[in-house]
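Structure, as structure tokens:
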Amino acid sequence: MGQFKPFTLNLKGKLTTFDRPAVMGIVNVTPDSFYELSRTPDSESIADRIEKMVSDGADILDIGAYSSRPGAANVSPQEELDRLCRGIETARKIAPAIPISIDTFRASVARNAIEMGADIVNDISGGDLDSEMFDTVADLHVPYVVMHMRGNPATMQSLTDYGERGVTACILDNLGKKINRLALKGVCDIIVDPGFGFAKTLEQNYELMRNLRVFETLKCPILVGVSRKSMLTRLLDIQATDALPATTALNSFALDRGASILRVHDVKEAVQAVKIYTQLTIANTLKTL
């Protein structure tokens, strides 16, 4: 049983310590995200979802306004920002103390969202889709989630050839180089995300999960987002609506492999998994002592 490594994030000048794995609740202010029941296109549905997540114990709210589902409609920067504004305003009214992460690959949208009250930038492209992103997060002095992806949501699943080195080594190298670039720009709080489901085959996703602990060599918190994804539904021949038990099982495995943050649609079940994991590791520590 792996031991959790506490981490800190500087959130608008306040140093926040996470002494157990954090649960990040997904708030999709979109009409077309892949999991239909996660869609909250209006203020009322946003409020209902956030209230439930807060009640269930979410540590972070991750608000996204541009679906990364293959085949999803393009969204203009202004439309993305307008949607995010609804989400941020609603979240701040309901849960003023909970950190807000913004799921965007656009530097201009990230800047405006942070100025509206968000705390963290979560970039699925790891800076590849907007060359201004690294300079922007450095200027904003906010934590940054650098995720691995190839291409864009429309092309990523045709870009899964990682050659002789293999998927784990290539992604580790890619994220390591980006961390170095970010550090040189003065970005201090970096979270790494291997990008499950993005430019990976089914087999590559599970190889990454088995090897997750190697990403600890990057010396950054590790975010894992596998909630109801196709790596579960394809393997088990089920729909996303039936994938909560599988999500919880894989999240539990990820915790044992070093996950620092679980990004999920279903907060209550993830919080329960974290509590069980924490209890087991405490008991293991005491026994060792």
Side-chain angles (χ1 to χ4, degrees), residues 1-2 21-28 30-40 49 52-53 56-58 62 64 67-72 103 122 124 147-151 153-162 166-168 170-171 192-215 222-278 280:
M1 180 66 69
V23 174
M24 174 186 280
I26 301 169
V27 182
N28 288 321
T30 58
D32 57 351
S33 294
F34 83 89
Y35 177 44
E36 185 175 353
L37 297 182
S38 74
R39 301 170 188 171
T40 55
R49 186 160 182 81
K52 185 176 190 317
M53 286 185 167
D56 288 343
D62 187 53
S67 175
S68 57
R69 173 181 60 84
D103 183 355
N122 180 10
I124 63 168
M147 195 189 88
H148 175 271
M149 181 177 73
R150 285 176 164 181
T155 64
M156 61 185 180
Q157 289 312 114
S158 65
L159 302 172
T160 59
D161 184 358
Y162 292 89
V167 63
T168 302
C170 285
I171 293 174
V192 298
D193 180 349
F196 291 98
F198 290 79
K200 286 95 179 170
T201 65
L202 180 67
E203 293 76 14
Q204 288 167 347
N205 280 312
Y206 283 97
E207 177 186 331
L208 271 179
M209 183 61 75
R210 287 191 296 270
N211 296 334
L212 188 65
R213 195 165 288 282
V214 305
F215 290 93
I222 302 169
L223 186 150
V224 168
V226 297
S227 184
R228 298 182 182 266
K229 285 187 174 179
S230 63
M231 65 182 290
L232 298 169
T233 58
R234 286 176 55 207
L235 180 71
L236 302 175
D237 193 22
I238 59 174
Q239 299 298 312
T241 50
D242 301 318
L244 178 54
T247 297
T248 304
L250 196 55
N251 277 335
S252 298
F253 188 89
L255 291 171
D256 188 49
R257 287 298 191 273
S260 308
I261 302 171
L262 299 178
R263 182 178 180 274
V264 299
H265 296 96
D266 310 278
V267 168
K268 180 175 69 174
E269 289 78 4
V271 168
Q272 290 175 348
V274 168
K275 287 182 178 178
I276 292 170
Y277 164 80
T278 302
L280 287 169

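Taken from CG in Asn122 to CE in Met24, the straight-line distance is 5.5 Å, to the nearest 0.5 Å. Within the model, atoms CG of Leu232 and CG of Leu250 stand 5.5 Å from one another, a figure rounded to the nearest 0.5 Å. We find the CD1-NE2 distance between Ile26 and His265 to be 4.0 Å, quoted to the nearest 0.5 Å. Atom CE of Met209 and atom OG1 of Thr168 lie 11.5 Å apart (nearest 0.5 Å). Note that the CG atom of Asn251 and the CG atom of Asp256 stand 12.5 Å from one another [nearest 0.5 Å]. Taken to the nearest 0.5 Å, the CG atom of Asp161 stands 7.0 Å off from the CZ atom of Arg150.
In this structure, Arg49 contributes its side chain and Asn28 its backbone to no donor-acceptor pair below 3.5 Å. Side-chain N or O atoms of Asn205 include one that pairs as donor or acceptor with a backbone N or O of Thr201 at under 3.5 Å. In terms of modelled atom types and a separation under 3.5 Å, the side chain of Lys200 and the main chain of Val167 share no donor-acceptor contact. A distance-only check finds a donor-acceptor pair linking the side chain of Thr247 to the backbone of Arg228 [under 3.5 Å]. Checking side-chain atoms of Arg257 against main-chain N and O of Leu212 turns up no donor-acceptor pair under 3.5 Å.
What you find for Ala58 and Val267 is that their closest heavy atoms are N-CG1, 3.5 Å. Across all their heavy atoms, Ala254 and Val224 have their closest contact at CB-CG1, 4.0 Å. Residues Ile171 and Pro194 approach most closely at CD1-O, 4.1 Å, considering heavy atoms. In plain terms, the two heavy atoms of His148 and Tyr162 that are nearest each other are CE1-OH, 3.3 Å. In this structure, Tyr277 and Pro21 approach most closely via the heavy-atom pair CE2-CG, 3.9 Å. The shortest non-hydrogen separation linking Asp103 to Gly64 is CB-CA, 3.8 Å.
Because its NZ or CZ atom is not both nearer than 6.0 Å to the ring centre of Phe196 and within 45° of the ring axis, Arg263 does not count as a cation-pi partner of that residue.
For the side-chain contact (heavy atoms from CB on, under 4.5 Å) test with Val274, the passing option among Val271, Thr278, Ile276 is Thr278; the others fail.
Applying the side-chain contact (heavy atoms from CB on, under 4.5 Å) criterion to Leu235, with sequence neighbours excluded, gives Leu202, Tyr206. Qualifying side-chain contact (heavy atoms from CB on, under 4.5 Å) partners for Glu269, counting only residues two or more places apart in sequence or in other chains: Leu244, Thr248, Asp266.
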